[in-house]
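Below is one structure, written out as structure tokens; the observations come after it.
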Amino acid sequence: MLNTDTKIKKEYKNRIDRVFEFISENIDADLSLNKVAEVACFSPFHFHRIFKFITGETLNEYVTRQRIEKSALDLLHQDEAITTIAYKYGFSDNSSYSRSFKKYFGVSPAGFKKENPYRHSKIRQLKSKIGQEYPDYSKYICIIDHLKKWIFMNAKIEIKETQPFNAAGVTHIGVEGIENAFEKLVKWAIPKGIFNNPKAKMGRMFFDSFKVTAPDKVRMSAFLITEKPFEKEGEVSLLQVNKTKCIVARFEITQDEFEKSWTSLFLWMNENGYKKSTENPFEIYQNDFREHPAQKFIVDFHIPIQ
């Protein structure tokens, strides 16, 4: 039985990273157990056990959730017909898509698109520090106004084309324990002298959105920018970021202000008529927060746009 992390070999996690990439790139295709297990170079039986241990979901559960969540983001951000979105994410027809969507979000795709998207945010299901639920629509306008003021006071925003870069990445699922992924990167990089290069900055990339994905299922990658590509090693894999047009916002914030900063930046994006591209948003840290007099992060948030 697989019951401890030590029983999952590091190279297994690297293979599962390949699976995540394959699913993302082929979301509308055949993603049967046999097909995906072949990508990971496992037998279907062994792959099923490994995948569920690492993700907490069966392959079918994961694929269905990815299709629904990604389609929900398109409903929010793209001007596409619901039928087009259904086919784009591998559903055979509108009715099967609507059934799956309603089962997950409790509302039809059309209803989701019309209603206030904040109502369906997975992060809204969390409790605040004082045990209160997040406010409903009646207080939503006040929240929007607060976020607008927050970003005006706390961020320098630019639209620019970012240069491509290579990075060493360690995948992590869920908001808890991300510091472990960064520790693994540091351990890997120090003997190689990577930190001697001033360009070797750390960051984090998000493959899922908190708007539609539960916090314990959001997949992200802690990364370290490297000057050149390198061979994959254990849990450390190669992350390549393409040249892309981005909204770039520099914040100087405490650890508990990251969520507010991201939310306000996406709000700024919508208010200013920009649309997110298919590339993943990411953060790049410009300092060691432990050396900051107020223990603050100086961090650049990047949202790739069309």
Side-chain angles (χ1 to χ4, degrees), residues 16-40 44 47-48 51-52 55-125 137 173 205-220 242 244 262-263 266-267 269-270 273-281 303-306:
I16 297 300
D17 280 347
R18 289 208 306 269
V19 167
F20 290 143
E21 291 175 16
F22 180 79
I23 291 172
S24 180
E25 292 169 1
N26 299 276
I27 196 71
D28 64 335
D30 171 24
L31 294 172
S32 64
L33 178 62
N34 286 346
K35 177 68 175 177
V36 180
E38 185 180 328
V39 172
F47 171 75
H48 173 78
F51 189 85
K52 187 168 185 181
T55 66
E57 299 174 278
T58 65
L59 175 66
N60 186 58
E61 289 169 342
Y62 178 84
V63 169
T64 300
R65 179 173 64 78
Q66 285 289 305
R67 286 172 168 164
I68 292 295
E69 291 175 355
K70 289 183 184 301
S71 74
L73 290 174
D74 277 8
L75 289 169
L76 295 180
H77 298 303
Q78 306 298 328
D79 296 322
E80 293 181 316
I82 291 175
T83 301
T84 302
I85 292 173
Y87 287 124
K88 180 179 178 180
Y89 291 102
F91 293 93
S92 57
D93 53 55
N94 250 354
S95 60
S96 63
Y97 171 54
S98 293
R99 281 195 304 271
S100 296
F101 193 97
K102 191 169 185 178
K103 184 177 179 181
Y104 190 74
F105 280 105
V107 66
S108 70
F112 182 92
K113 190 168 186 175
K114 286 178 184 176
E115 294 179 17
N116 178 5
Y118 178 75
R119 284 189 57 188
H120 309 290
S121 172
K122 290 291 180 182
I123 206 162
R124 180 175 176 269
Q125 299 171 15
Y137 182 75
I173 296 175
M205 178 172 285
F206 298 91
F207 301 100
D208 297 308
S209 170
F210 286 101
K211 288 182 181 178
V212 295
T213 304
D216 65 336
K217 295 190 184 302
V218 169
R219 183 167 66 91
M220 59 191 79
N242 299 321
T244 184
W262 272 117
T263 304
F266 273 103
L267 174 64
M269 178 188 77
N270 293 331
Y274 294 102
K275 289 188 177 294
K276 183 184 172 299
S277 74
T278 56
E279 302 292 326
N280 299 307
I303 301 179
I305 54 175
Q306 296 174 6

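As a basis for the values below, the full set of heavy atoms in this structure was taken, side chains included, without hydrogen atoms, waters or symmetry mates.
- There is a side-chain donor-acceptor pair under 3.5 Å between Ser95 and Asp93.
- Using modelled atom types, one side-chain atom of Arg67 and one backbone atom of Tyr89 make a donor-acceptor pair closer than 3.5 Å.
- Atom OG1 of Thr213 and atom CD1 of Ile173 lie 11.5 Å apart (nearest 0.5 Å).
- Taking the side chain as every heavy atom from C-beta outward, Leu59 and His48 never approach each other to under 4.5 Å.
- One N or O on the side chain of Ser71 and one on the backbone of Ile68 form a donor-acceptor pair closer than 3.5 Å.
- Annotation: the span from Ile82 atom CD1 to Asn94 atom CG amounts to 7.0 Å, rounded to 0.5 Å.
- Taking each heavy atom of Arg65 and Lys217 in turn, the nearest pair found is NE-CD, 3.6 Å.
- Side-chain contact between Gln66 and Ile27 is present, with heavy atoms from C-beta onward closer than 4.5 Å.
- Interatomic distance, CD of Glu80 versus NZ of Lys113, reported as 8.0 Å (0.5 Å rounding).
- Heavy atoms from other residues, nucleotides or ligands lying under 6.0 Å from NZ of Lys275 number more than 12.
- You'll find the side chain of Phe47 stays beyond 4.5 Å of the side chain of Asn34, heavy atoms only.
- Nearest heavy-atom pair, Thr58 versus Glu61, reported as atom, atom and distance to 0.1 Å: N-OE1, 2.9 Å.
- Val36 is not listed as a side-chain neighbour of Phe51, based on a closest heavy-atom distance of 4.5 Å or more.
- Side-chain contact check for Gln306 versus His77: every heavy-atom pair is 4.5 Å or farther apart.
- When every heavy atom of Pro304 is checked against every heavy atom of Thr244, the shortest pair comes out as CB-OG1, 4.0 Å.
- The 12-atom threshold is not exceeded at CD of Glu38, counting heavy atoms of other residues, nucleotides or ligands nearer than 6.0 Å.
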Apply side chain to side chain contact (heavy atoms under 4.5 Å, CB included) to Tyr97 and Thr83, showing your working. CA-CA 9 Å; Tyr97 171 54; Thr83 301; over 6 Å; no
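- Taking CZ of Phe22 as the reference point, atom CD1 of Ile16 lies at 13.0 Å (rounded to 0.5 Å).
- Put simply, CE on Met220 and CG on Asn280 are 12.0 Å apart, with the number rounded to the nearest 0.5 Å.
- Pairs of residues two or more places apart, or lying in two chains, that qualify as side chain to side chain donor-acceptor pair (under 3.5 Å) and include a residue from residues 18-31 are Asp30-Ser32.
- Lys102 NZ: 12 or fewer foreign heavy atoms inside a 6.0 Å radius.
- Residue Tyr87 comes nearest to Ser92 through the heavy atom pair CE2-O, 3.0 Å, listed as atom of the first residue, atom of the second, then distance.
- Closest heavy-atom contact between Glu69 and Val212: OE2-O, 3.4 Å.
- A pairwise comparison of heavy atoms in Pro215 and Phe210 identifies CA-CE2, 4.0 Å as the closest pair.
- Val39 is not listed as a side-chain neighbour of Ile23, based on a closest heavy-atom distance of 4.5 Å or more.
- Note on ring orientation: taking the six-membered ring where Trp is involved, the planes of Phe112 and Phe101 are perpendicular (angle over 60°, cut-offs 30° and 60°).
- Checked against the 6.0 Å centroid threshold, Trp262 and Phe206 count as a close aromatic pair.
- Side-chain contact check for Phe20 versus Thr55: some heavy-atom pair is nearer than 4.5 Å.
- Between Lys276 atom NZ and Asp74 atom CG the span is 9.5 Å, to the nearest 0.5 Å.
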